[in-house]
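Naming: A, B, ... by sequence-line order, numbering from 1 per chain.
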2 protein chains.
Amino acid sequence: MTTPRIRLSPDTRREQLLDLGVKLLATRPLEKLSIDLLAEAAGISRGLLYHYFGNKQDFHEAVVRRATEDLFALTAPTDDPDPLARLSGSLDGYLGFVETNRQGYQSLVRAAYSGNPTMREIYESARAALTDRIFDEAEPGVLEEFGIEDTPALRLMVRGWSAMVEHVVLAWVEDSGGIDRQALLDSLSQALFQIMTTAPKAD
Amino acid sequence: MTTPRIRLSPDTRREQLLDLGVKLLATRPLEKLSIDLLAEAAGISRGLLYHYFGNKQDFHEAVVRRATEDLFALTAPTDDPDPLARLSGSLDGYLGFVETNRQGYQSLVRAAYSGNPTMREIYESARAALTDRIFDEAEPGVLEEFGIEDTPALRLMVRGWSAMVEHVVLAWVEDSGGIDRQALLDSLSQALFQIMTTAPKAD
DNA sequence: GTGGGCTATTGAACAGGCGTCAATAGCCTG
DNA sequence: CAGGCTATTGACGCCTGTTCAATAGCCCAC
């Protein structure tokens with residue numbers, strides 16, 4: 001009755017478990033992704049998971065890291081040289097991702113706030129990568145034209161803007177409240193522009 | 001050896017457990033606030049906790065609700081009639097609260113993202129109350145002077161600004177990066193002003 | 001083709017935290 | 001000071017994470 005045990009190469013097995021983890025995360029929060037659930041879904045014993053990932057924490061971290069990689073890959077900005085157009089396009093891609101992966105994205109954000117410092121770092125670096133590439137890949141000198149200066153204060157405010165985007169987008173996806181999609185995107189990019197042009201100069 | 005059991009009135013006992021819960025929350029995240037820990041700290045049996053709060057969820061919710069009430073009470077705005085001054089004072093009080101209750105405030109924010117809808121609602125309504133009172137208590141007509149119109153889109157963006165404030169303030173408290181306290185407060189209130197004056201009109 | 005070894009895989013056992021409930025014992029009232 | 005109401009207990013069952021010695025699939029040498 002019981003399925004005969006199947007022996008796979010470590011790489012294959014690890015990949016299978018990681019992919020399955022991300023897939024299951026799209027339907028439930030991280031805390032509901034138990035060892036039991038994954039083992040049963042993968043058709044393996046609980047013990048095997050501990051062979052590949054030291055413990056539940058490590059497994060969860062690996063799954064979240066994989067999920068952020070997916071997010072990053074699926075939201076590449078356009079190659080428009082205008083930074084504003086790049087920002088707009090990137091925001092559009094980001095919103096699209098959230099629209100089609102609402103549950104998975106919620107699980108991701110929640111994981112970032114779960115209290116585990118490593119988890120937070122994983123998400124924080126993903127978020128940094130998302131915003132950085134909008135500007136870093138732009139032609140040098142464009143920012144200076146607008147009087148934007150790269151200071152710790154500016155970086156802090158931009159990270160704050162990211163948090164705002166997360167919140168607004170998640171709320172809008174839940175219930176748009178009659179707000180037009182494009183108007184939302186415009187407001188968010190305009191907010192960033194304003195924030196950047198008026199950030200305080202560091203002491 | 002064992003302490004003789006002490007019989008208190010339900011109200012007294014409940015109050016004691018709630019206060020103790022908030023106190024313990026200031027030193028650890030919510031998920032570490034186990035039944036065992038609280039029972040031992042309070043000098044009671046685990047069973048008694050289930051008599052007062054149906055289960056761990058309910059207990060956690062009650063503790064978080066109490067914590068948000070404390071936050072609200074400790075950050076009352078000044079009675080300045082000028083809405084900008086009121087906002088500034090309120091932000092100042094809020095930052096002060098976070099500075100002196102960093103751990104507890106972190107636990108609070110994390111709880112809000114924990115996935116429990118009730119928890120989220122508790123925190124969301126506290127956040128709404130914090131921002132609403134800045135404007136609701138202002139003299140009527142001031143907002144209109146600045147062309148600010150109360151629309152779903154505006155409310156959404158203001159809630160987004162709250163998320164930004166949370167993020168920025170927590171990051172700044174962790175590591176100021178040489179950013180001046182007053183400059184931070186100014187940037188945040190200025191950001192709100194800009195966001196409010198340029199929010200899209202709902203279709 | 002086959003026997004043997006490397007190691008992927010298992011499952012039973014342990015730990016610790018949540019939740020239940022019949023039994024116990026403070027405190028108040030007459 | 002006796003009796004009752006009910007606040008309080010503690011032992012029990014269950015579920016989930018974690019360990020580890022035993023098992024068995026796959027590949028290679030012959």
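With rounding to whole Å, B/Asp11 atom CG is found 17 Å from C/dC27 atom P. Counting to the nearest Å, the P atom of C/dG17 and the CG atom of B/Leu38 are 14 Å from each other. Counting to the nearest Å, the C1' atom of C/dC18 and the NZ atom of B/Lys32 are 17 Å from each other. In this entry the distance linking CZ of B/Phe53 with P of C/dG19 reads 14 Å, nearest Å. Put simply, CG on B/Leu48 is 16 Å from P on C/dA25, counting in whole angstrom units. Atom pair A/Leu49:CG and C/dA8:C1' shows a separation of 14 Å (rounding to whole Å applied). In this structure, OH of B/Tyr50 is placed 14 Å from C1' of D/dG10, rounded to the nearest angstrom. Atoms CD1 (A/Ile44) and P (C/dT7) sit 20 Å apart, rounded to a whole Å.
The nucleotide whose nearest atom lies closest to any side-chain atom of A/His51 is, among D/dG10, C/dT9, D/dT18, C/dT9. The side chain of B/Asp36 has C/dC18 as its nearest neighbour among D/dT16, D/dT8, C/dC18. Taking only side-chain atoms of B/Arg46, from C-beta outward, the nucleotide of C/dT10, D/dT18, C/dC18 with the closest atom is C/dC18.
Within 3.5 Å, a donor on the side chain of A/Arg7 pairs with an acceptor on the base of C/dT7, or the reverse. Scanning atom types as modelled, one donor and one acceptor separated by under 3.5 angstrom connect the side chain of A/Arg5 and the base of D/dT23.
When the side-chain nitrogen and oxygen atoms of A/Arg13 are compared with OP1 and OP2 of C/dT9, one or more of them lie within a distance under 4.0 Å. Neither OP1 nor OP2 of D/dA7 sits under 4.0 Å from any side-chain N or O of B/Tyr52.
Nucleic acid contact class of B/Ser45 (heavy atoms, under 4.0 Å, all strands): base.
Contact check on B/Arg66 versus B/Glu15 returns a salt bridge, with a Lys/Arg side-chain nitrogen under 4.0 Å from an Asp/Glu carboxylate oxygen.
Tested against B/Val168 for a side chain to side chain contact (heavy atoms under 4.5 Å, CB included), the candidates B/Leu184, B/Leu95, B/Ile179 yield a single pass: B/Leu184.
The 5' end of DNA chain C is approached more closely, in terms of each residue's nearest nucleotide, by B/Leu37 than by the other of B/Leu8 and B/Leu37.
If you take CG on A/Asp92 and CZ on A/Arg181, they are separated by 4.5 Å, rounding to the nearest 0.5 Å. A distance of 12.5 Å separates CG in A/Leu192 from OG in A/Ser187, rounded to the nearest 0.5 Å.
The aromatic rings of B/Phe193 and B/Phe146 lie perpendicular to each other, with more than 60° between the two planes, well past the 30° mark.
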